[in-house]
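This report refers to the structure that appears directly beneath it.
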Amino acid sequence: MFNKKGTVGLISAAAAVVGVLTAAAPAGAAAGSTQASTAQGKHCVVLVGKAPSDGGVSPELYRNCADTAAKARALLTSPQAKAQTNGKAVQATELMTWYSNDQLWGNSTVVYGSAGTCDSVGYRLSPDLYWATNISSATGHGRCTVATFFSRPLSYSRTFRLPALNLGSILNDYVGIIDVRWG
């Protein structure tokens, strides 16, 4: 089913945001971050800030990958992460984990928030190119219990109570934006 709540203006604005994000790396992102998921390891960590009040996406503050999920998580406490995020990485809160296969397995990225756990507004996430074409399931952490996944052209959305063990045939490997929140 198509999301009937949105308007053409909202879809156009969101498409413009996605276009900008794919044209240039986010401010503060690691060099080559759009390829970090495959080039640097199978498991990644991403730190994002709170989304701006104008409906834009949460800015990416840090990204790094490793060959295991434990090593990827440890990267948040590295001197590089501390320096790149002005210490925000140390206080990061786990929001959600994305998986490349259904049933919460395969390659993964753990998304952390620099502004605490989810509230009713939450975070608006823009997966990099790898995850936009590979995310198949996801789980939430803490108060991040609900997520709305939008297709890449933002023409379809579906809301899940997390964990989402399978995103379904339309969203599987075809995600443009994720709104994760408490609900």
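Counting begins at 1 with the first residue of the sequence.
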Could you check whether [Y] and [X], counting side-chain N and O atoms only, form a donor-acceptor pair closer than 3.5 Å?
| X | Y | answer |
| --- | --- | --- |
| Ser137 | Asp102 | no |
| Arg181 | Thr148 | yes |
| Ser108 | His43 | yes |

Quick one: does any side-chain atom of [X] pair with a main-chain N or O of [Y] as donor and acceptor, under 3.5 Å?
| X | Y | result |
| --- | --- | --- |
| Thr145 | Gly183 | yes |
| Ser151 | Tyr156 | yes |
| Tyr123 | Ala115 | yes |
| Lys82 | Leu76 | no |

Less than 4.5 Å apart, any side-chain heavy atom of [X] and any of [Y]?
| X | Y | result |
| --- | --- | --- |
| Arg143 | Thr93 | no |
| Leu104 | Pro163 | yes |
| Tyr174 | Pro153 | yes |
| Leu61 | Ser114 | yes |
| Thr133 | Arg152 | yes |
| Phe150 | Arg124 | yes |

Closest contact, heavy atoms only, [X] versus [Y]:
| X | Y | result |
| --- | --- | --- |
| Lys50 | Pro59 | O-CD, 3.4 Å |
| Ala132 | Pro127 | N-CB, 3.8 Å |
| Ser58 | Gly49 | CB-O, 2.8 Å |
| Asn166 | Phe160 | O-CE2, 3.7 Å |
| Arg73 | Glu94 | NH2-OE2, 3.6 Å |

Step by step, would you call Leu75 with Tyr62 a side chain to side chain contact (heavy atoms under 4.5 Å, CB included)?
CA-CA 10 Å; Leu75 292 170; Tyr62 178 78; 3.9 Å; yes
Side chain to side chain donor-acceptor pair (under 3.5 Å) evaluation trace for Ser136 with Asn172:
CA-CA 5 Å; Ser136 296; Asn172 186 56; 2.6 Å; yes
Between atom [atom1] of [X] and atom [atom2] of [Y], what is the distance when rounded to the nearest 0.5 Å?
| X | Y | atom1 | atom2 | result |
| --- | --- | --- | --- | --- |
| Ile177 | Phe149 | CD1 | CZ | 12.0 Å |
| Leu165 | Gln103 | CG | CD | 5.0 Å |
| Ile135 | Tyr99 | CD1 | OH | 10.5 Å |
| Asn64 | Gln80 | CG | CD | 5.5 Å |

Report yes or no: do Val111 and Trp105 belong to one cluster of Ile/Leu/Val/Met/Phe/Trp/Tyr joined by side chain heavy-atom distances under 4.5 Å?
no
Within one Ile-Leu-Val-Met-Phe-Trp-Tyr cluster: Val180 and Leu167, side-chain cutoff 4.5 Å:
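The answer is yes; both residues are in one hydrophobic cluster.
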Residue pair Leu95, Val48: steps toward the side chain to side chain contact (heavy atoms under 4.5 Å, CB included) verdict:
CA-CA 10 Å; Leu95 304 176; Val48 298; 4.2 Å; yes
Stepwise side chain to side chain contact (heavy atoms under 4.5 Å, CB included) check, Tyr130 with Ser100
CA-CA 10 Å; Tyr130 174 82; Ser100 60; 4.1 Å; yes
Give the C-alpha distance, both sets of side-chain angles, the deciding distance and a yes or no for side chain to side chain contact (heavy atoms under 4.5 Å, CB included) between Asp128 and Arg63.
CA-CA 10 Å; Asp128 66 10; Arg63 169 186 302 272; 2.9 Å; yes
For Trp98, run the side-chain contact (heavy atoms from CB on, under 4.5 Å) check against Val110, Asn134, Ile178, Thr139 and tell me which one passes.
Ile178
